[in-house]
Amino acid sequence: MTCDFLSLAAPGVRTLQPYQPGKPESELRREYGLSDIVKLASNENPLGPSSRALTAIRDALSGLARYPDGNGFELKTALSAKLGVSMATLTLGNGSNDVLELAARAFLTPEHEAIFSEHAFAVYPIVTQAIGATARVAKANPPDHLMPYGHGLATMLALINDRTRLVFIANPNNPTGTWLNTVELEAFLSAVPETVIVVVDEAYGEYVEAEADCPDALRWLDRFPNLIVTRTFSKVYGLAGLRVGYAVSHPQVADLLNRVREPFNVNSLALVAAAAALDDAEHLERSRAVNRAGMRQLQDACRRLSLNWLPSVGNFLCVDVDRPGRGVFLELLKRGVIVRPVDNYGLPRFLRISIGTEAENARLIEALNDVLKG
Ligand SMILES: *Cc1c(COP(=O)(O)O)cnc(C)c1O
């Protein structure tokens, strides 16, 4: 008889729900024998990475026998210039997921609590529970709110107590796409005690259009030393496979995050590719333009299909398919289209659809039409 390892696991880990990634294309190819597959399931950039990033990777290949620069000096220099922040405010991560975990490791213990909203990014409960800390889940906005299912900041504020060490806020949020405006987020940051670290996760920040009034939280770093802003190269920069992201914070907070960081957490190819990608303003603009057009294309199609969707300033749309989303997801799979069911996020009637190229969106729309009307 084998030992019951579950009983040996740390209590937080015992009840932890593993992250459910978007279905990889290779898996669908294996399971369904399909070849022409469209993946709109993980909010990746359909244009791929900047050609400058690819060149930088090729040039760095011959150096792979060496350890990467554990301090990420060149990428930090590039980020510091780009963002107008000092190098001492930066923490690099193996994806921004890594940085979220560093925040949990640096500030949480089993005696402490972290707050996040319902329908928020699945990594927040994972990093909280892995430490054995208590997760306090704030009720999200009601469906008839201007930002349906989005973060309710008053509710989050009300959950803060002496044991609270961290608050996770995604702005814009994934999987809903909803966002917090400048006035409300600023008021929240002003109201939170300085002893509570607020992580504002801006994974989709580069997609936000100015008229949306979804703030760049970096502007508040000088005023709120308890603020951590996280960003990633996985989304608009098209480098999800390389794993690189970063945090910007008060230097003392950055020092703590860096203490628990694995010494070589960001690999050498990711370091050079990210620095090169930052330089490619043209690729960034093209990616934003493709997203803007695709968002319109998808919303027009939803209108024709009489489907509602949640407001979104990201590179994805959370669509109300008016029936169990998982069933529609499975039907779309048979037609070679991968989207993301979000029942595990408490949104069983929705599908989260990433914006692709015009042709990819057209494939999705055709398949969706077929499934819903056929
Ligand atoms: C995709 C995403 C991230 C980025 O994860 P990486 O680890 O940087 O790839 C972070 N936060 C949210 C809300 C996301 O949707």
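Start at 1 and go down the list; that is how both ligands and their atoms are numbered.
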So the atoms of ligand 1 within less than 4.0 Å of a heavy atom of Asn174 turn out to be 13 (C), 14 (C), 15 (O)
Within 4.0 Å of some non-hydrogen atom of Ala203, the atoms of ligand 1 are 2 (C), 3 (C), 10 (C), 11 (N), 12 (C), 14 (C)
Give yes or no for whether the N/O distance cutoff of 3.5 Å, strictly under, is met between [X] and ligand 1.
| X | result |
| --- | --- |
| Asp201 | yes |
| Tyr204 | yes |
| Thr232 | yes |
| Ser234 | yes |

- OH of Tyr19: more than 12 outside heavy atoms within 6.0 angstrom? yes
Practice problem: Answer yes or no: does atom CD of Glu358 have more than 12 heavy-atom neighbours from other residues, nucleotides or ligands under 6.0 Å? | Solution: no
Using modelled atom types only, decide if a donor and an acceptor are shared between the side chain of Lys139 and the backbone of Thr155 within a distance under 3.5 Å. no
Review point. Got a donor-acceptor contact below 3.5 angstrom from the His151 side chain to the Leu153 backbone?
Key: no
Result for side-chain contact (heavy atoms from CB on, under 4.5 Å) between Leu332 and one of Leu40, Leu368, Val38, Ile338 points to Leu368
Ranking Lys235, Arg243, Arg352 by closest non-hydrogen atom to atom 2 (C) of ligand 1, top hit is Lys235
Closest heavy-atom approach to atom 10 (C) of ligand 1 among Ala240, Ser96, Pro172 is made by Ser96
- Item | Any Pro46 side-chain heavy atom under 4.5 Å of Ile355 side chain | no
